[in-house]
S.K.: 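Dropping the structure in here first, questions after.
On a predicted model such as this, the values are computed, not experimentally measured, just so you know. Residue numbers begin at 1 in each chain, while the letters A, B, ... track the order of the sequences.
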Amino acid sequence: MTAEKLPMTLLEELAFRGQLYQVTDADGLAERLARGPITLYGGFDPTADSLTVGNLATLLILTRFQRAGHRPIALVGGGTGMIGDPGGKSQERALNTAEVVDEFTRKIRSQMEPFLDFDSGTNPAQMVNNYDWLGSIGAIELMRDVGKHFPIPYMLAKDSVKSRLETGISYTEFSYMILQAYDFLELYRRHDCELQIGGSDQWGNITAGSDLIRRAVGGSCFGLTCPLVTTADGTKFGKTEAGAIWLSPERTTPYEFYQFWVNTDDRSVVNYLKVFTFLSVDEIIQLEETVTTNPGAREAQRALAHEVTALVHGKQTALKAERISRALFYGELQELEEDELQLAFHDVPTHTMEGDEQDLVDLLVAAGVSSSKRQARQDISQNAISLNGDRCADESHTVRKSDGLHGKYIVVRRGKNKYFLIQ
RNA sequence: GGGGAGAUACUCAAGCGGUCAACGAGGGCAGACUGUAAAUCUGCUGGCUUCGCCUUCGCAGGUUCGAAUCCUGCUCUCCCCA
């Protein structure tokens with residue numbers, strides 16, 4: 001991959017995208033980037049077997065750096081993940097076993113592959129696992145060579161620690177910053193890595209790293225954080241009532257993933273386009289206009305959903321998710337051919353009905369549409385349920401498979417945008 | 001170690017012998033209006049074989065015709081004094 005000829009510098013573009021929050025030495029970094037390619041890294045915690053949309057911002061910044069000609073390193077915290085970052089948590093974290101963390105690490109690694117080019121001739125991306133060095137370092141070595149550079153008052157002053165002094169923090173989590181700082185030092189030694197990026201909650205850990213490098217070997221390195229993504233209504237980004245939005249298609253189907261983005265609030269959509277897509281500055285400005293001139297068309301949301309889904313799941317899958325969405329929200333279900341229907345609903349929760357006919361209330365519960373019979377009756381009486389496009393408010397309705405589309409498919413819709421397929 | 005306060009549904013929080021499946025707020029779900037958005041208004045929010053029944057108010061017993069409400073023991077949490 002070669003560096004793109006951008007009308008603005010990388011830092012300027014990141015600034016436009018609202019992705020610059022804190023930089024250790026903004027002028028120095030701009031100067032350094034102007035001198036030539038730099039090696040940088042961002043870390044990812046293996047706390048589950050999949051990344052979530054919450055990890056995307058950091059990942060995309062690495063990608064942007066690579067596209068600008070720099071050498072990104074994605075660090076998977078196989079070692080630090082076994083300790084737990086105290087920042088942002090009110091309680092001590094449960095520690096996973098080495099085997100579990102190892103499993104998570106492998107899966108996360110594969111999820112990064114669409115974002116980073118590992119085979120570039122000029123500036124290939126790399127993946128490292130900090131377990132490789134943290135796993136084998138001795139206690140004495142760590143304390144003498146690394147711990148010596150950490151004054152206790154300095155450590156106590158970090159927000160991540162300070163906020164936990166009242167509620168309690170173990171020595172394990174207290175030491176976390178030492179390990180993450182050591183990562184930076186190790187990458188500086190091994191790969192000449194000069195920059196660490198992360199979310200704004202990582203600022204303390206990042207500066208701990210650059211400070212360590214200066215104290216231990218006299219090197220000068222940079223840190224850069226991006227703001228944490230916020231939602232218009234103040235809720236935590238990337239979470240729905242059903243839980244987090246994952247990158248893994250096993251955890252969040254591409255259709256659900258697409259829907260997550262397409263449902264973005266008008267107030268946030270431009271911000272998300274900047275953070276989560278590679279659309280150009282001009283394209284984003286154009287889409288921004290459509291939000292005010294023709295909000296009902298939801299062009300910006302569609303573009304956002306398409307771009308991010310294509311990035312994570314591939315172009316074909318994104319088109320499929322779009323096709324399903326069109327069929328569900330704008331198409332006439334009856335017009336769909338059987339194979340189209342099957343294809344369209346591949347990602348939608350599906351239930352196989354036993355026998356040819358069943359009481360609607362029982363069916364809704366069995367198919368997971370409603371959580372209980374009482375809830376099912378309520379949904380029906382509130383006009384929330386429609387079968388194959390027709391509202392059904394009759395609690396004693398009996399569903400016959402033979403009445404379905406193509407003699408066997410019943411499309412159940414609950415509320416405005418929850419779909420289920422019964423066959 | 002001594003003294004005090006408290007544990008109620010997803011969360012916060014009323015209730016302090018019957019009218020309590022349990023006020024209220026938040027959250028969630030749904031309807032109307034819209035644009036698969038937001039805001040607003042309305043309904044619902046333990047379960048079922050639903051004009052009734054069953055199981056819930058930290059746990060285990062007890063008093064009573066009847067308890068979330070009173071008594072006893074247990075577990076846990078918080079505060080004050082040492």
S.K.: If you look at every heavy atom in W246(A) and T252(A), which pair is closest and at what distance?
M.R.: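 Minimum heavy-atom separation between W246(A) and T252(A): N-OG1, 2.9 Å.
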S.K.: Is the shortest heavy-atom distance from the side chain of R413(A) to the side chain of L328(A) under 4.5 Å?
M.R.: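 No, every pair of side-chain atoms sits at 4.5 Å or beyond.
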S.K.: With a 4.0 Å cutoff (strictly under), does any side-chain N or O of K416(A) reach OP1 or OP2 of rA37(B)?
M.R.: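 So the side-chain polar atoms of K416(A) do come within 4.0 Å of the phosphate oxygens OP1 or OP2 of rA37(B), strictly under.
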S.K.: With nearest nucleotides of RNA chain B determined for Q259(A) and G415(A) from heavy-atom distances, which residue corresponds to the more 5′ nucleotide?
M.R.: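 Here G415(A) is the residue nearer the 5' end.
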S.K.: In whole Å, what is the span from the CD atom of Q301(A) to the C1' atom of rG35(B)?
M.R.: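 In whole Å, rG35(B) C1' and Q301(A) CD are 9 Å from each other.
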S.K.: With P as the reference atom in both, quote the distance from rG46(B) to rA37(B) in angstrom, rounded to an integer.
M.R.: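 Each nucleotide's P atom is 26 Å from the other's.
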S.K.: Does rG1(B) pair with anything, Watson-Crick or G-U wobble, both distances under 3.5 Å, and if so, with which nucleotide?
M.R.: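 rC81(B) - that is the nucleotide pairing with rG1(B), both distances being under 3.5 Å.
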S.K.: Taking atom C1' in both rG66(B) and rG17(B), compute the distance separating them and give it to the nearest angstrom.
M.R.: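 The answer is 8 Å between these two C1' atoms.
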S.K.: Angle between ring planes, F174(A) versus Y171(A), binned at 30° and 60°: parallel, tilted or perpendicular?
M.R.: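 F174(A) and Y171(A): tilted rings.
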S.K.: Could you encode protein contacts along nucleotides 42-48 of chain B as a string, one character per nucleotide from 5' to 3', using B for base contact, S for sugar-phosphate-only contact and - for no contact, with a heavy-atom cut-off of under 4.0 Å?
M.R.: -BBS-SS
S.K.: Could you identify the nucleotide paired to rC70(B), looking across every strand shown and requiring Watson-Crick or G-U wobble geometry with both distances under 3.5 Å?
M.R.: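 Pair assignment: rC70(B) / rG62(B).
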S.K.: Considering every strand and a 4.0 Å limit on heavy-atom distances, what is the contact class for N263(A): base, sugar-phosphate, or nothing?
M.R.: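 Base contact - N263(A) has a heavy atom under 4.0 Å of at least one base atom.
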S.K.: Specify the separation, in whole Å, of atom CG of D359(A) and atom P of rU50(B).
M.R.: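 These atoms are roughly 11 Å apart.
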S.K.: According to side-chain hydrogen bond (donor to acceptor under 3.5 Å, both in side chains), does anything in residues 268-284 of chain A pair up with another residue at least two apart or in another chain? List the pairs.
M.R.: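 side-chain hydrogen bond (donor to acceptor under 3.5 Å, both in side chains) check on residues 268-284 of chain A returns S280(A)-E283(A).
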S.K.: Just the rounded figure in Å: distance from C1' of rU34(B) to CZ of F329(A).
M.R.: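 It works out to 15 Å between those atoms.
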S.K.: When the C1' atoms of rA39(B) and rC33(B) are considered, how many whole Å apart are they?
M.R.: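 It works out to 11 Å between them.
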S.K.: Under the side chain to side chain donor-acceptor pair (under 3.5 Å) rule, what do Q423(A) and T350(A) come out as? Steps first, then yes or no, please.
M.R.: CA-CA 8 Å; Q423(A) 58 180 352; T350(A) 301; 5.7 Å; no
S.K.: Nearest-Å distance, CG (N383(A)) to P (rC29(B))?
M.R.: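 To the nearest whole Å, that distance equals 18 Å.
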S.K.: Paired with rU55(B): which nucleotide, if any, by Watson-Crick or G-U wobble criteria at under 3.5 Å for both distances?
M.R.: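 No nucleotide pairs with rU55(B).
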S.K.: Looking at side-chain heavy atoms only, is the closest gap between L287(A) and L279(A) below 4.5 Å?
M.R.: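 Yes. Closest side-chain heavy atoms under 4.5 Å.
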S.K.: If I take atom CG in residue N417(A) and atom C1' in nucleotide rC29(B), what distance separates them, rounded to the nearest angstrom?
M.R.: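 Roughly 12 Å, once rounded to whole Å.
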S.K.: Taking the six-membered ring of F278(A) (Phe, Tyr or Trp), confirm whether the NZ or CZ of R67(A) is under 6.0 Å from its centre and within 45° of its axis.
M.R.: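 Flagged: R67(A) positioned over aromatic ring of F278(A).
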S.K.: How far, in whole Å, is rA9(B) from rA60(B) if one measures between their P atoms?
M.R.: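 Between the two P atoms, the distance is 15 Å.
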S.K.: Hey, does R326(A) reach any base, or is it just sugar-phosphate, or nothing, if we go heavy atoms under 4.0 Å?
M.R.: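 Here R326(A) touches no strand at all.
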S.K.: Can you check the distance between rA82(B) and rA7(B), where both ends of the measurement are the P atom (answer in whole Å)?
M.R.: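 Nearest-Å result for rA82(B) against rA7(B) at atom P: 28 Å.
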S.K.: If you measure from the C1' atom in rA14(B) to the same atom in rA68(B), how many Å do you get, rounded?
M.R.: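 Their C1' atoms lie roughly 12 Å apart.
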S.K.: In residues 284-299 of chain A, which ones come under 4.0 Å of RNA chain B, going by heavy atoms?
M.R.: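 Close to the strand are P295(A), G296(A), R298(A).
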S.K.: A384(A) has a side chain; which of rG31(B), rC29(B), rU36(B) sits nearest to it?
M.R.: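 It is rG31(B).
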S.K.: Walk me through whether E357(A) and K401(A) qualify under salt bridge (Lys or Arg N to Asp or Glu O under 4.0 Å).
M.R.: CA-CA 6 Å; E357(A) 59 174 61; K401(A) 208 187 254 190; over 6 Å; no
S.K.: Identify the residue among L364(A), V412(A), V411(A), T352(A) that makes a side-chain contact (heavy atoms from CB on, under 4.5 Å) with I422(A).
M.R.: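 Only one option passes, and that is V412(A).
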S.K.: My understanding is that only residues two or more places apart in sequence, or in another chain, count here; which of them pass salt bridge (Lys or Arg N to Asp or Glu O under 4.0 Å) with D132(A)?
M.R.: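 So D132(A) forms no salt bridge (Lys or Arg N to Asp or Glu O under 4.0 Å) with any residue.
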S.K.: Could D356(A) and R400(A) be called an ion pair, given the rule that one side-chain N must be under 4.0 Å from one carboxylate O?
M.R.: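 Judged by the 4.0 Å cut-off on N to carboxylate O distance, D356(A) and R400(A) do not form a salt bridge.
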S.K.: Is the closest side-chain donor-acceptor distance between K315(A) and T309(A) under 3.5 Å?
M.R.: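 There is no such pair (donor and acceptor under 3.5 Å, judged by atom type) between the side chains of K315(A) and T309(A).
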S.K.: Can you list the residues that meet the side-chain hydrogen bond (donor to acceptor under 3.5 Å, both in side chains) rule with S402(A), with sequence neighbours excluded?
M.R.: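 Scan of S402(A) (side-chain hydrogen bond (donor to acceptor under 3.5 Å, both in side chains), adjacent residues dropped) gives none.
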S.K.: Taking everything shown except Y21(A) itself, do over 12 heavy atoms lie less than 6.0 Å from its OH?
M.R.: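 For Y21(A), atom OH is not crowded (no more than 12 foreign heavy atoms under 6.0 Å).
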S.K.: Write down the distance between CG (N271(A)) and C1' (rA38(B)), rounded to a whole number of angstrom.
M.R.: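 Taking atom C1' of rA38(B) as the reference, CG of N271(A) is at 16 Å.
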S.K.: Considering only atom C1', compute the distance from rU55(B) to rC48(B) and round it to an integer number of Å.
M.R.: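 Pairwise C1' distance, rU55(B) against rC48(B), rounds to 10 Å.
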S.K.: Under a 3.5 Å cut-off for both contacts, is rC12(B) paired Watson-Crick or G-U wobble with anything, and if yes, with which nucleotide?
M.R.: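 Because both required distances fall under 3.5 Å, rC12(B) counts as paired with rG24(B).
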S.K.: At a heavy-atom distance below 4.0 Å, what parts of residues 302-324 of chain A sit against RNA chain B?
M.R.: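 Output list: empty, so none.
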S.K.: Taking the nucleotide of RNA chain B with the nearest heavy atom to each, does S325(A) or R414(A) sit closer to the 5' end?
M.R.: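 Nearest-nucleotide comparison on RNA chain B picks R414(A).
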S.K.: R413(A) side chain N/O closer than 4.0 Å to the phosphate oxygens (OP1, OP2) of rU36(B)?
M.R.: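 Result: no.
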S.K.: Quick one: look up who rG6(B) pairs with, Watson-Crick or G-U, both distances under 3.5 Å, and put none if it's unpaired.
M.R.: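 Its partner is rC76(B) (Watson-Crick or G-U wobble, both distances under 3.5 Å).
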S.K.: To the nearest angstrom, how far is F260(A) atom CZ from rA37(B) atom C1'?
M.R.: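 Spelled out: CZ on F260(A) to C1' on rA37(B) is 14 Å.
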S.K.: Pick the P atom in rG47(B) and in rC10(B), then give their distance to the nearest Å.
M.R.: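 Those two atoms are separated by 10 Å.
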